[in-house]
2 protein chains.
Amino acid sequence: MCSFEDLVDRVGSKWSVGILLAAAGGPIRFGELERAVAPISRRMLTLTLRNLERDGLLVRTAYPTVPPRVEYSLTPMAFELQAALAALASWARRHQADVAAARLRYDGRTA
Amino acid sequence: MCSFEDLVDRVGSKWSVGILLAAAGGPIRFGELERAVAPISRRMLTLTLRNLERDGLLVRTAYPTVPPRVEYSLTPMAFELQAALAALASWARRHQADVAAARLRYDGRTA
DNA sequence: CGGGATCCCTTGCGATACTG
DNA sequence: CAGTATCGCAAGGGATCCCG
């Protein structure tokens with residue numbers, strides 16, 4: 001019902017958000033992604049791209065040139081998703097110090 | 001730097017969001033959580049609770065009664081996080097049909 | 001350049017059993 | 001009631017090599 005589980009499964013994979021962020025600035029090539037989202041492995045980059053494409057968040061465009069050139073760009077849906085993710089990023093920035101402090105306290109008590 | 005990775009590691013674990021949601025209505029007991037976030041295993045419930053507590057998102061209060069009674073409640077920080085998560089949930093609701101359609105198209109092309 | 005295929009290790013997580 | 005301990009499988013993901 002809540003579909004939140006599905007969302008986490010989709011976007012919660014290790015590299016998805018990083019790829020979405022890297023593609024936010026317009027179409028980006030495979031090799032550029034590989035550097036932008038480093039240190040992602042070639043394999044995981046491919047797999048994650050496929051999943052994002054499958055979910056309709058990314059569009060893959062292959063130019064039949066030589067050497068091959070492939071670009072990935074966000075769909076409108078993905079831009080909306082980014083707006084929502086921005087709220088999360090904002091929270092993370094505002095509270096990262098608090099979280100770090102909480103961890104220190106917790107680890108100190110249990111050490 | 002971006003700390004987004006950390007955030008995903010923290011909140012992106014399989015049950016975290018469900019627990020946060022279940023605890024949003026005020027202090028909740030271990031057993032209640034177990035039912036609310038079903039079908040979570042006892043082990044994962046404990047582990048996830050510990051992690052959320054460690055990050056300062058949950059407060060654990062144990063009452064030295066018999067039988068024991070333990071309650072978990074959200075911290076102010078966690079309530080703010082929920083507001084951000086609501087944006088994500090909203091996106092998921094608005095686009096779940098689009099995602100499903102995209103998958104059908106993708107799977108159809110590749111089958 | 002942009003992948004696919006294979007190998008293998010690590011991690012997450014469920015099942016089960018035991019405890020204060 | 002609210003955990004902890006141990007086992008074991010399956011998925012996630014890195015390394016490497018190969019290909020159009």
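Proteins get letters first, then strands, A, B, ... in listed order; numbering begins at 1 in each. Any value given below was found using the heavy atoms of this structure, including those in side chains, with hydrogens, waters and symmetry copies removed.
- Within the 3.5 Å criterion, the main-chain N or O of G56(A) finds a donor-acceptor partner in the side chain of T75(A).
- For L33(B) and dA2(D), the CG to P distance is 9 Å, given to the nearest whole Å.
- When the C1' atom of dG3(D) is taken as reference, atom CD1 of I40(B) falls 13 Å away, rounded to whole Å.
- Rounded to an integer number of Å, the gap from D9(A) CG to dG12(D) P is 9 Å.
- The side chain of W15(A) lies closest to dG14(D) when the candidates are dG2(C), dG14(D), dC1(D).
- To the nearest angstrom, P of dC1(D) lies 22 Å from CZ of R43(B).
- The side chain of R69(B) contributes no N or O atom lying less than 4.0 Å from OP1 or OP2 of dA2(D).
- Among the nucleotides dG2(C), dG14(C), dT4(D), the one closest to the side chain of M44(B) is dG14(C).
- Minimum atom distance to the side chain of K14(A) is reached by dG14(D), of the listed dG3(D), dC13(C), dG14(D).
- Using a 4.0 Å heavy-atom distance criterion, Y63(A) is classed as making no nucleic acid contact.
- Comparing dG3(C), dG14(D), dA2(D) against the side chain of R60(A) picks out dG3(C) as the nearest.
- Toward the 5' end of DNA chain C, the nearer of the two residues E71(A) and P68(B), judged by each one's closest nucleotide, is E71(A).
- E53(B) has a carboxylate O that lies under 4.0 Å from a charged side-chain N of R109(A), or vice versa, which qualifies the two as a salt bridge.
- Put simply, V59(A) and L33(A) are part of two different groups of oily side chains (I, L, V, M, F, W, Y) that touch within less than 4.5 Å, one to the next.
- Here dG2(C) presents its C1' atom at 9 Å from CD of E34(A), a figure rounded to the nearest Å.
- Within the 4.5 Å cutoff, side-chain heavy atoms of L21(B) are placed close to those of Q82(B).
- Within 4.0 Å of T46(A), counting heavy atoms only, lie sugar-phosphate atoms of the nucleic acid but no base atom.
- Between the CZ atom of R42(A) and the P atom of dG12(D) there is a distance of 22 Å, given to the nearest Å.
- S90(A) and R94(A) form a side-chain donor-acceptor contact under 3.5 Å, judged by distance and modelled atom types alone.
- At whole-Å resolution of the value, CZ in R35(A) and C1' in dC1(C) are 11 Å apart.
- Taking atom CZ of F30(A) as the reference point, atom P of dG2(C) lies 7 Å away to the nearest angstrom.
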